[in-house]
Amino acid sequence: MIRLEKVSKIYRTRRGDVRALDKVSLDIKEGEFLAVRGPSGSGKTTLLFSIGGMLCPTEGNVIVSNRNLYAISKSQRAKFRAVNIGFIFQMFQLVPYLNTVENVLLAARVGTKCFGPEDAKSLLNRLKLSDRMYHRPSELSAGERQRTAMARAMLKRPGIILADEPTGNLDPENVEKILRHLVEYNQNGGTVILVSHRKEVDNYASHVIHLKDGHIQEYE
Amino acid sequence: MTVFQLIFREIIKRKLNFTLSLLAVVITVSIFVSFFTTGQASKNETIRLMRDIGFNLRIIPKKTDMAEFWKTGFSDYTMPESHVYKLASFKGLSYAHLTAVLQRRVIWKDMDVILAGISPEVPSAGREKTPMFFSIKPGNVYIGFEVARRTGLKKGEETDILGSLFSIEKVLPESGSEDDIRIYAHLHDVQAILGEENRINEIKALHCLCIMKGSITDSITMLREQLLGVLPDAKVLLIRAIAIAREKQRYMAEKYFAFIIPFLVVVCMAWIGILALINVRERRREIGIMRAVGYGSGRIAALFLGKAVLIGLIAAAVGYGIGTWLALEFGPDIFRVTANMIIPEIKIFYWCLIAAPLFCALSVFIPAMIAVTQDPAVALREK
């Protein structure tokens with residue numbers, strides 16, 4: 001269960017304050033597939049990073065699995081994230097000098113349970129990357145990079161996957177593949193929060209929220 | 001992935017950054033090692049060169065008339081030869097390279113010459129030193145340049161001096177001083193010729209700077225106090241120009257070493273620190289990813305500090321090798337007199353293994369803290 005209580009985030013810039021989130025309150029149930037939609041600058045990524053324990057809100061509480069994420073220490077939050085949350089980014093964010101397996105294993109030793117190369121390879125097989133295991137990110141297509149990033153997020157079977165525009169840089173065929181993998185993950189009990197400006201993601205999500213100027217405009 | 005695996009992979013990826021950092025430390029360690037390997041030789045060479053300027057202390061009988069002394073160049077009075085042994089036997093004195101001398105002006109072959117009898121150097125108690133002045137075997141003489149020119153005598157010839165036969169062991173080169181009219185012989189030979197057995201009129205010595213600290217004025221006061229306690233019937237003269245030159249040169253050499261090593265270390269640390277800062281900037285996204293997958297501050301810092309320690313360890317080994325090679329290859333050409341003192345110092349290697357990684361880690365401490373404290377959300381949101 002994820003609960004946001006009147007969460008606001010203000011970015012202080014030289015040109016003045018930017019209110020990215022404005023007293024957002026939201027409940028996301030375990031096993032839900034939530035799509036967060038909205039135009040650029042509406043606060044989607046800020047919301048996602050706040051839920052992921054990566055961005056401390058200016059005010060309000062973010063409670064994930066009964067833990068108030070910003071009431072605990074930075075190191076406790078890092079440990080919590082290592083075990084419970086997987087991130088997928090629009091720009092893939094793979095480490096350029098590691099191959100596919102190594103990128104997936106980046107987080108393998110962090111947290112309570114360790115995962116080995118066999119776990120990574122099995123996951124990569126499922127994501128149809130068996131013939132790209134020892135390639136560097138620069139040798140992979142955009143779709144393959146995103147699936148690698150997805151494998152990294154899923155390796156430790158976290159309860160929550162946070163995906164920030166994961167289909168933003170992909171062609172329609174790869175968009176569908178990625179979304180299908182996320183649905184499969186969700187059907188196995190995982191909570192997925194997907195940020196996107198694509199309308200088609202609504203078809204895969206169990207709920208959709210629309211953000212505009214830091215406010216939730218609609219909840220479907 | 002372990003921290004070591006990540007460090008290793010990153011080094012392979014960013015070879016230039018690694019190579020430049022390594023180069024900085026290797027250069028510093030090499031210079032440090034070559035300086036220290038040649039250090040003892042350099043120190044001794046400076047001491048020897050300064051020592052070769054000549055004696056800077058003259059101990060003469062107390063009742064010497066100084067006007068007469070400066071006119072003739074030696075004292076008319078004598079003191080027992082045993083004074084030199086007595087002085088040498090006292091530990092902790094600031095006198096070194098003691099040599100007993102008996103000098104007299106004599107007319108020889110229609111020439112006014114100075115006959116100088118010199119004893120072999122008497123080592124000071126507890127301080128065995130290489131002799132700084134030549135010693136002459138009994139029965140032999142060294143003759144000054146002008147004496148040889150006027151008499152036509154050459155090395156290997158024999159000559160009669162006031163009734164005794166001597167072999168000319170050496171003709172001294174032109175000195176441009178009264179040494180050109182000197183005839184040097186063994187002290188006991190001169191004492192016998194002059195009928196002044198067991199008597200000397202001067203002890204030449206070197207003021208030992210290794211014991212003394214402070215100004216020349218302080219030195220002469222202390223030397224006089226020391227002498228008063230041992231030889232109350234003698235007095236000491238300090239040849240200030242030589243003493244000051246020696247002191248300045250010794251301190252200059254010491255100060256140079258004290259400056260150059262910290263300077264090099266600071267430059268090297270700044271170099272590594274700047275490269276580490278560039279590295280941190282380059283790796284902002286990577287750090288963001290690692291944060292996102294749950295890496296804590298300790299693990300992030302370990303990536304940078306671990307790399308620095310690795311650079312330090314490699315540089316210590318490579319730098320020690322290069323530094324030692326440089327010292328052995330070029331040291332003997334620079335320090336010709338004390339060349340045999342240049343040997344590999346394994347103790348320095350152990351110090352390098354400790355100090356180089358430590359300095360590298362210190363150099364990247366600030367960049368590592370920047371990496372730890374940077375906001376991962378900002379880096380990951382950059383398109």
Side-chain angles (χ1 to χ4, degrees), chain A residues 9 11 20 40 45-46 48-50 52-56 73-99 101-112 114-115 117 120 136 138 149 152-153 155-156 158 162 164-165 168-169, chain B residues 1-19 21 275-276 278-307 310-311 368-383:
Chain A
K9 178 67 188 177
Y11 293 109
S40 279
T45 301
T46 302
L48 200 76
F49 280 15
S50 298
M54 297 267 285
L55 195 63
C56 184
S73 72
K74 216 173 166 182
S75 66
Q76 284 175 312
R77 205 156 55 234
K79 279 180 194 158
F80 179 84
R81 198 163 51 233
V83 176
N84 298 290
I85 298 170
F87 271 100
I88 303 170
F89 304 96
Q90 180 184 359
M91 301 300 291
F92 324 123
Q93 309 291 18
L94 299 174
V95 179
Y97 48 84
L98 300 181
N99 64 33
V101 174
E102 289 167 341
N103 260 296
V104 174
L105 287 170
L106 189 66
R109 280 170 178 258
V110 186
T112 47
C114 285
F115 292 82
R136 293 274 164 83
S138 59
R152 182 181 64 198
L155 178 74
K156 294 163 86 175
L162 303 176
D164 183 17
E165 301 267 17
N169 282 340
Chain B
M1 296 290 288
T2 62
V3 168
F4 184 76
Q5 282 172 317
L6 284 169
I7 291 171
F8 184 71
R9 294 283 199 284
E10 200 267 334
I11 287 170
I12 301 286
K13 164 78 178 175
R14 298 189 179 98
K15 293 181 193 79
L16 185 66
N17 184 290
F18 176 76
T19 309
S21 303
L275 287 169
I278 294 168
N279 192 235
V280 167
R281 242 197 114 59
E282 248 181 327
R283 298 175 71 183
R284 286 178 72 208
R285 276 196 185 187
E286 255 173 74
I287 297 161
I289 301 164
M290 288 169 189
R291 283 290 200 197
V293 300
Y295 276 44
S297 303
R299 239 174 131 86
I300 301 281
L303 288 174
F304 291 91
L305 295 174
K307 183 178 165 186
L310 186 68
I311 287 171
M369 288 307 107
I370 291 171
V372 164
T373 52
Q374 83 174 21
D375 188 346
V378 174
L380 291 171
R381 286 166 67 187
E382 284 170 359
K383 302 289 180 193

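Order of the sequence lines sets the chain letters (A, B, ...), proteins ahead of strands, with each chain counted from 1.
Counted within 6.0 Å of CZ on B/Phe8, heavy atoms from surrounding residues, nucleotides or ligands total 12 or fewer; the atom is thus considered open.
Scanning all heavy atoms of the two residues, the minimum distance from B/Gly294 to A/Ala82 falls at CA-CB, 3.8 Å. In terms of heavy atoms, A/Ala78 sits closest to B/Gly296 at CB-CA, 4.3 Å.
Within the 4.5 angstrom heavy-atom criterion, only side-chain atoms of A/Tyr11, from C-beta onward, approach chain B. Residue A/Leu94 touches chain B through its backbone alone, counting heavy-atom pairs closer than 4.5 Å. The part of A/Arg152 that comes within reach of chain B is its side chain, from C-beta onward, which places non-hydrogen atoms under 4.5 angstrom from that chain.
Between atom CZ of residue B/Arg9 and atom CZ of residue A/Arg136 there is a gap of 7.5 Å, rounded to the nearest 0.5 Å. The distance from atom CE of A/Met91 to atom CD1 of B/Ile289, rounded to the nearest 0.5 Å, is 11.0 Å. A distance of 12.0 Å separates CG in A/Leu98 from CD1 in B/Ile12, rounded to the nearest 0.5 Å.
Looking at residues two or more places apart in sequence or on another chain, you find a ring pair (Phe, Tyr, Trp, His ring centres under 6.0 Å) between A/Phe87 and A/Phe49, A/Phe89. Taking the salt bridge (charged side-chain N to carboxylate O under 4.0 Å, His left out) definition, one finds that B/Arg283 meets it with B/Glu10, B/Glu286, sequence neighbours left out.
A/Gln93 contributes a side-chain N or O that, together with a main-chain N or O of B/Leu380, makes up a donor-acceptor pair within less than 3.5 Å. When atom types are taken as modelled, the side chain of B/Tyr295 and the backbone of A/Leu106 share a donor-acceptor pair closer than 3.5 angstrom.
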